[in-house]
Number of protein chains: 2
Amino acid sequence: MTSDRLAPRAWRAYFEGSRLLENELERRLKATSGMDLGDFNVLLVLSEAEGGRMRMGDLARALAFAPGRLTYRIGALEREELVLRRPSPDDRRGTDAVLTDAGRRRLRKARPQHARHVDELFLGSLDDDALEVLDRVFGPLRARMLGRADSSD
Amino acid sequence: MTSDRLAPRAWRAYFEGSRLLENELERRLKATSGMDLGDFNVLLVLSEAEGGRMRMGDLARALAFAPGRLTYRIGALEREELVLRRPSPDDRRGTDAVLTDAGRRRLRKARPQHARHVDELFLGSLDDDALEVLDRVFGPLRARMLGRADSSD
DNA sequence: GGCGAGTATTTCAAAGTTGAACAATATCTG
DNA sequence: CAGATATTGTTCAACTTTGAAATACTCGCC
């Protein structure tokens with residue numbers, strides 16, 4: 001049998017493999033779309049929101065970005081006119097980030113290329129069984145982690 | 001059936017779940033051991049090498065760190081006397097990073113706490129089947145990614 | 001209505017990361 | 001062996017991220 005220290009081995013493979021995968025995805029995304037994974041995800045999450053519009057705080061939570069980081073990134077995207085800022089209609093403390101048409105176009109162009117990279121490097125080599133386990137493991141994990149948003153323990 | 005866009009859903013769960021997990025592991029590691037995941041892994045990888053000693057380049061590759069980053073990190077760890085630098089015996093261009101006794105002690109203290117976090121947040125909720133899939137998926141992924149170290153395509 | 005506690009976002013300095021250029025060696029080729 | 005080419009690790013400036021403090025507002029309570 002395969003030496004039953006399975007959990008540590010699986011963890012190590014997962015941890016290191018993930019990092020390598022993400023590095024390479026980032027490298028390719030930059031090469032093909034001139035954008036890093038962070039900004040890509042800002043645009044992606046925004047594009048899925050009603051009206052391509054979202055509160056800064058919600059966006060930060062969805063991306064697992066610290067608040068100062070999101071402010072900085074949205075600033076950069078604003079300079080490229082991919083996103084713009086609008087005061088929130090309902091709360092005068094609030095700011096909405098809004099995806100511009102240029103932002104949508106940029107995403108529409110980057111998205112299939114990124115999807116291809118993900119397939120080539122990762123999904124393409126997985127059978128249905130593996131996909132199901134991935135979904136079954138990481139879906140609830142994500143939910144749990146979002147749940148403990150700041151239960152601060 | 002469960003809406004057969006399984007692959008994108010699994011990818012999204014994995015990608016977002018991973019990020020959230022890593023954030024939280026980092027937060028806890030800092031809280032309990034005053035170290036970030038990057039430095040922890042430097043010490044860990046080093047501790048597994050012959051004599052706690054490794055060439056800068058090999059260490060950088062093992063960690064998926066850009067070279068300048070490793071230089072900077074080793075500098076910081078050196079200031080804390082957890083690591084020291086020695087010229088490589090066989091190649092005069094080379095430098096070895098060497099784990100000090102203080103470095104080993106620091107790792108020995110941090111490691112079980114980190115392991116506990118990993119269990120609590122992740123491994124603890126997985127059955128053997130999931131562990132096996134994880135190992136089966138990410139082991140080869142890691143190998144592939146290390147293989148393409150710089151096949152530059 | 002006004003005060004105090006709480007929340008949303010930004011700001012700022014310190015720390016970290018990146019990518020490209022560099023200096024020192026090594027290796028290869030004729 | 002000389003000269004060209006490749007590799008190792010460091011340096012540097014530009015950029016990014018972090019965490020804490022500041023700012024501007026909201027909300028519940030008296």
Side-chain angles (χ1 to χ4, degrees), chain A residues 19-20 22-31 34-42 46 53-80 83-98 149-152, chain B residues 19-20 22-31 34-42 46 53-80 83-98 149-152:
Chain A
R19 166 150 310 164
L20 289 163
E22 193 166 325
N23 282 182
E24 180 63 14
L25 284 174
E26 177 122 29
R27 205 179 65 70
R28 292 192 181 194
L29 184 61
K30 271 180 191 148
M35 211 184 332
D36 68 18
L37 229 30
D39 286 352
F40 177 84
N41 283 116
V42 171
L46 221 37
R53 186 172 181 131
M54 219 186 281
R55 285 292 291 263
M56 293 295 280
D58 296 338
L59 190 48
R61 265 184 298 280
L63 294 161
F65 275 19
R69 178 178 180 184
L70 185 62
T71 293
Y72 180 75
R73 288 292 73 221
I74 291 292
L77 291 170
E78 213 174 10
R79 265 169 253 119
E80 295 189 75
V83 159
L84 52 82
R85 261 185 252 246
R86 287 278 169 245
S88 295
D90 45 320
D91 182 339
R92 292 202 306 177
R93 289 168 304 183
T95 305
D96 289 8
V98 190
D150 69 342
S151 348
S152 66
Chain B
R19 165 151 310 164
L20 289 162
E22 193 166 325
N23 282 183
E24 181 63 14
L25 284 175
E26 177 123 28
R27 204 180 66 68
R28 293 192 181 193
L29 184 61
K30 272 180 191 148
M35 209 184 332
D36 69 17
L37 229 30
D39 286 352
F40 176 84
N41 283 116
V42 171
L46 221 37
R53 185 174 181 131
M54 219 186 281
R55 285 291 294 263
M56 293 295 280
D58 295 338
L59 189 48
R61 265 183 298 281
L63 294 161
F65 275 19
R69 179 179 179 184
L70 185 61
T71 293
Y72 181 75
R73 289 293 71 222
I74 291 292
L77 291 171
E78 213 173 9
R79 264 169 254 119
E80 296 188 76
V83 159
L84 53 81
R85 262 185 251 245
R86 286 281 169 242
S88 295
D90 46 320
D91 182 340
R92 294 203 305 178
R93 290 167 305 182
T95 305
D96 289 8
V98 189
D150 69 344
S151 350
S152 66

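As the structure is a computational prediction, the values presented were derived from the model and not from experiment. Protein chains get the first letters and strands the later ones, always in sequence-line order, with residue 1 at the start of each.
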Euclidean distance, [Y] [atom2] relative to [X] [atom1], rounded to 0.5 Å:
X       : Y       : atom1 : atom2 : answer
B:Asn41 : B:Met35 : CG    : CE    : 10.0 Å
B:Leu70 : B:Arg61 : CG    : CZ    : 10.5 Å
B:Asp91 : B:Arg55 : CG    : CZ    : 4.5 Å

Give me the first and last nucleotide of DNA chain D, going 5' to 3', that has any atom under 4.0 Å from a heavy atom of chain B. D:dT7 to D:dG19
Nt span of DNA chain C in reach of chain A heavy atoms at under 4.0 Å, 5' end first, is C:dG6 to C:dG19
With sequence neighbours left out, write down each residue that passes side chain to side chain donor-acceptor pair (under 3.5 Å) with [X], or none if nothing qualifies.
X       : result
B:Asp96 : B:Arg53, B:Ser88
B:Arg69 : none
B:Asp36 : none

Is any side-chain heavy atom of B:Met54 closer than 4.5 Å to one of B:Val42? no
Any non-hydrogen side-chain atom of A:Leu46 less than 4.5 Å from a side-chain atom of A:Leu59? yes
Strand-adjacent residues in residues 86-96 of chain A, judged by heavy atoms under 4.0 Å from DNA chain D: A:Asp91, A:Arg92, A:Arg93
With sugar-phosphate meaning primed atoms plus P, OP1 and OP2, does A:Gly57 contact a base, only sugar-phosphate, or nothing at under 4.0 Å between heavy atoms? sugar-phosphate
Five pairs per end, C1' atoms only: what is the angle between the end axes of the helix from C:dG1-D:dC30 to C:dG30-D:dC1, to 10 degrees? 20°
Going by the rule salt bridge (Lys or Arg N to Asp or Glu O under 4.0 Å), which residues pair with B:Arg85 if we only count those two or more places apart in sequence or in a different chain? B:Glu78
Hey, which sits more toward the 5' end of DNA chain C by its nearest nucleotide, B:Pro67 or B:Asp39? B:Asp39
Closer to the 5' end of DNA chain C via nearest nucleotide, is it A:Leu70 or A:Lys30? A:Leu70
According to side-chain contact (heavy atoms from CB on, under 4.5 Å), who are the partners of [X], at least two apart in sequence or on a separate chain?
X       : result
A:Ala64 : B:Arg19, B:Leu20, B:Asn23
B:Arg92 : none
A:Glu80 : A:Leu77, A:Leu82, A:Arg106

Partner residues of A:Phe65 under the ring pair (Phe, Tyr, Trp, His ring centres under 6.0 Å) criterion, sequence neighbours left out: none
